[in-house]
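Single-structure report; data block below.
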Amino acid sequence: MMDETQRKQKQREVEERLLALSATLPSGDFNNNSKMDDKSILDNASNYVKQLQQRVRELEEQVGGGFNRSNKASTSYNNDEEVNSYYYRGEDGGGGDNKKDNNIIVPEVKAKVLKNEVLIIIHCERQKGLMLKILRKLENLHLSVLNNSVLPFGNSTLDITIVAQMGDKYNITVDELVESLRLTILTQ
């Protein structure tokens, strides 16, 4: 009898997740008067993700490839608001010709600032307690985390995205923020 209860609970959880997924899709993908089957929800979600990926590629082409891909900070202007971006690929500039470092992933840290918010994107090796170290560092720098996500990429790396808000005592440049986070990640 317990197996049937567990099966029903799992089925309810799957149905709730599918309902949540369908709610995130544009309303034009569903006819509100009819119930969509699981396959249709997953198909529509897959198609929507593909559309979003294509839109991202188009937008990246419009802005010249997205983030600045050099070791220097750049400043661009959008609606008269300053946006700073910085991309760091390690000491060798990301060339990857250094034979002794073939198995070591140098942390990539990107940051963009708009008014009092900071978007941080990190690609680095997995480490135990890494996210806690990063969150503590941001707190010490007077940044309040509004949102974050950690996604595994391959077997040994992570993609971390953080949106944070600057506190009153925040007083460092984007370059300093990027370097500080990079050093935090590299420090065991």
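Counting from 1, the numbers follow the sequence of the chain as shown.
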Separation of [Y] [atom2] from [X] [atom1] (nearest 0.5 Å):
X: Leu135; Y: Thr184; atom1: CG; atom2: OG1; result: 11.0 Å
X: Ile172; Y: Ser180; atom1: CD1; atom2: OG; result: 5.5 Å
X: Leu119; Y: Thr161; atom1: CG; atom2: OG1; result: 7.0 Å
X: Thr157; Y: His123; atom1: OG1; atom2: NE2; result: 4.0 Å
X: Ile120; Y: Lys112; atom1: CD1; atom2: NZ; result: 13.5 Å
X: Glu179; Y: Arg182; atom1: CD; atom2: CZ; result: 5.0 Å

- Looking at Glu13, Gln11, Gln6, which one forms a side-chain contact (heavy atoms from CB on, under 4.5 Å) with Gln9?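 That would be Glu13; it is the only one of Glu13, Gln11, Gln6 passing the side-chain contact (heavy atoms from CB on, under 4.5 Å) with Gln9.
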- Given Val109, Leu130, Leu186, the one that forms side-chain contact (heavy atoms from CB on, under 4.5 Å) with Cys124: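 That would be Leu130.
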- Task: Name all residues meeting the salt bridge (charged side-chain N to carboxylate O under 4.0 Å, His left out) criterion together with Lys169; count only those two or more places apart in sequence or in a different chain, and write none if there are none.
- Result: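 Once residues adjacent in sequence are excluded, Lys169 has no partner under the salt bridge (charged side-chain N to carboxylate O under 4.0 Å, His left out) criterion.
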Just by modelled atom types, is the [Y] backbone N or O under 3.5 Å from a matching donor or acceptor in the [X] side chain?
X: Glu117; Y: Leu114; value: no
X: Lys133; Y: Gln127; value: no
X: Ser46; Y: Leu42; value: no

- Task: Only counting residues at least two apart or in another chain, list the ones meeting side chain to side chain contact (heavy atoms under 4.5 Å, CB included) with Ser144.
- Result: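 Testing Ser144 for side chain to side chain contact (heavy atoms under 4.5 Å, CB included), a comparison that skips the adjacent residues, returns none.
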- Message: List the residues meeting side chain to side chain contact (heavy atoms under 4.5 Å, CB included) with Val49, not counting sequence neighbours, and say none if there are none.
- Response: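 Val49 satisfies side chain to side chain contact (heavy atoms under 4.5 Å, CB included) with Gln53 only.
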- Message: Are Val150 and Leu181 linked, directly or through intermediate hydrophobic residues, by side-chain heavy-atom contacts shorter than 4.5 Å (ILVMFWY only)?
- Response: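 Result: yes, single cluster for both.
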- Query: Are Leu183 and Ile162 grouped together when hydrophobic residues (ILVMFWY) are joined by side-chain heavy atoms under 4.5 angstrom apart?
  - Reply: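 Shared cluster, no.
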Report yes if some heavy atom in the side chain of [X] is under 4.5 Å from a heavy atom in the side chain of [Y]; otherwise report no.
X: Lys10; Y: Arg7; result: no
X: Met166; Y: Val113; result: yes
X: Leu177; Y: Leu143; result: yes
X: Arg17; Y: Ile41; result: no
X: Ile185; Y: Ile134; result: yes

- Got a salt bridge between Glu15 and Arg12, using NZ or NE/NH1/NH2 to carboxylate O under 4.0 Å?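 So Glu15 does not pair with Arg12 through a salt bridge.
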- Smallest separation among heavy atoms of Val178 and Ala111, with atom names: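 For Val178 and Ala111, the tightest heavy-atom pair comes out as CG2-CB, 3.7 Å.
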- Within a reach of under 6.0 Å around CZ of Arg136, are more than 12 heavy atoms found that belong to other residues, nucleotides or ligands?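 Counting other residues, nucleotides and ligands, CZ of Arg136 stays at 12 neighbours or fewer.
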- Message: Does Asn140, at its CG atom, have more than 12 non-hydrogen atoms belonging to other residues, nucleotides or ligands within less than 6.0 Å?
- Response: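 Buried by this count: over 12 neighbours within 6.0 Å.
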